[in-house]
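This report refers to the structure that appears directly beneath it.
Indexing begins at 1, ligand by ligand and atom by atom, following the structure's order. Below, all heavy atoms of this structure are taken into account, side chains as well, without hydrogens, waters or symmetry copies.
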Amino acid sequence: MKLVEKIEKLKKERNAVILAHNYQLPQIQDIADYVGDSLGLSIQAASTGADVIVFCGVHFMAETAKILSPGKTVLLPDEKAGCPMANMITAQQLRSLKVKHPGAAVLSYVNTSAEVKAESDLCCTSANAVKMARDVLGEERDIIFVPDRHLAGYVSSRSGRGFVLWNGWCPTHARILPEDVIREKGLHPEASVIAHPECTQEVRSLADEVASTGGMCRYVKETEAEEIIVATEVGIIHRLRKENPGKAFYPASGLAVCPNMKRTTLEKVFWSLEDMTHEILVSEDIRVRALGSIERMLRAEETQDGAI
Ligand code: 13P
Ligand code: SF4
């Protein structure tokens, strides 16, 4: 039996669902029940009827799934698949920042640990960060935004709100340089440029559209452009090509490869289901506090509820 068939069989036996991020390897995206961005994956994790979630992504994503679905078994096929940006701030560092800025609200990017989310008022993803800063947090409060200073800069420019910043960044998006985009534009003058808000301001300023990975997928379907330069992690190009066979895609930089996203392989997904590893656990105290910040985000996604 082929590996993919073995995975399918075990998935049925375990009543499992496979969730994959848009940066995963093509063969992982192709076997997943759902492929999406951080926001879409959180919504799927909260609503699935499966008993087991095999999370093909990085640790904070699987942890968010566990926070939302404590009764389910959440598995991360490679336990070392972490996010260096999420590791750039600890709960202790955030507590110290809060002491320095009493009364400030904390808006945390979903790329954070459960402990950091537990210290936060509100969570956001790159898909909804502008809305969270502009519409959900009261105007009278200062906002501490952690950990991504580039996303913070983007949100600030779109929402008109200033932030207390933290010096975190994504090492993969930092590899995309303005000269890369300029070179690709020279090679493909008709192409549209899409960039992730984790890119630097210099790269974002060269883009026609700045969006989450889910937003990029929607933009590419709707735009009349037939060629697109993609300034984010290269894994998304598999999905873009699959969904838009008539269009051409060029990575802004071939160096924008997240090694952590590439740790998940078909073998590891199979072993994960076979051995029920590596199970993600979150202590109940941290989970309940972290859940508050995620639920406020998900509620605000559904309604335009008042300031907090
Ligand atoms: P989105 O897929 O939510 O845009 O985020 C990208 C990311 O940070 C994954 O590491
Ligand atoms: Fe973290 Fe960047 Fe990799 Fe996303 S692409 S998991 S933000 S290091």
Is any side-chain N of the basic residue among R161 and E139 closer than 4.0 Å to the acidic one's carboxylate O?
no

Any side-chain donor-acceptor pair under 3.5 Å between D78 and H278?
no

Centroid-centroid distance, H173 to H196, less than 6.0 Å
yes

Does Y250 have any ring-ring contact (aromatic ring centres under 6.0 Å, His included) partners at least two apart in sequence or in another chain, and if so, which?
H188

Determine whether a donor-acceptor pair (N or O, by modelled atom type, separation under 3.5 Å) exists between the side chain of R204 and the backbone of C199.
yes

Does either side chain, that of T213 or that of N22, offer a donor lying less than 3.5 Å from an acceptor on the other one?
yes

For D51, what residues pass the salt bridge (charged side-chain N to carboxylate O under 4.0 Å, His left out) criterion, not counting sequence neighbours?
none

Q93 and T90: side-chain donor and acceptor closer than 3.5 Å?
yes

So, at under 2.8 Å, which protein N, O or S atoms would a careful student list around atom 2 (Fe) of ligand 2?
C170 SG

Contact check, side chains of T48 and I53, non-hydrogen atoms, under 4.5 Å:
yes

Tabulation required: pairs of a nitrogen or oxygen in ligand 1 and a protein nitrogen or oxygen under 3.5 Å; columns are atom names and distance to 0.1 Å; otherwise 'none'.
{"from": "ligand 1", "atom 1": "2 (O)", "to": "H21", "atom 2": "NE2", "distance (Å)": "2.6"}
{"from": "ligand 1", "atom 1": "2 (O)", "to": "T213", "atom 2": "OG1", "distance (Å)": "2.6"}
{"from": "ligand 1", "atom 1": "3 (O)", "to": "S38", "atom 2": "N", "distance (Å)": "3.0"}
{"from": "ligand 1", "atom 1": "3 (O)", "to": "S38", "atom 2": "OG", "distance (Å)": "2.8"}
{"from": "ligand 1", "atom 1": "4 (O)", "to": "S126", "atom 2": "OG", "distance (Å)": "2.8"}
{"from": "ligand 1", "atom 1": "4 (O)", "to": "H196", "atom 2": "NE2", "distance (Å)": "2.7"}
{"from": "ligand 1", "atom 1": "4 (O)", "to": "T213", "atom 2": "N", "distance (Å)": "2.9"}
{"from": "ligand 1", "atom 1": "8 (O)", "to": "N111", "atom 2": "ND2", "distance (Å)": "3.1"}
{"from": "ligand 1", "atom 1": "8 (O)", "to": "E198", "atom 2": "OE2", "distance (Å)": "2.6"}

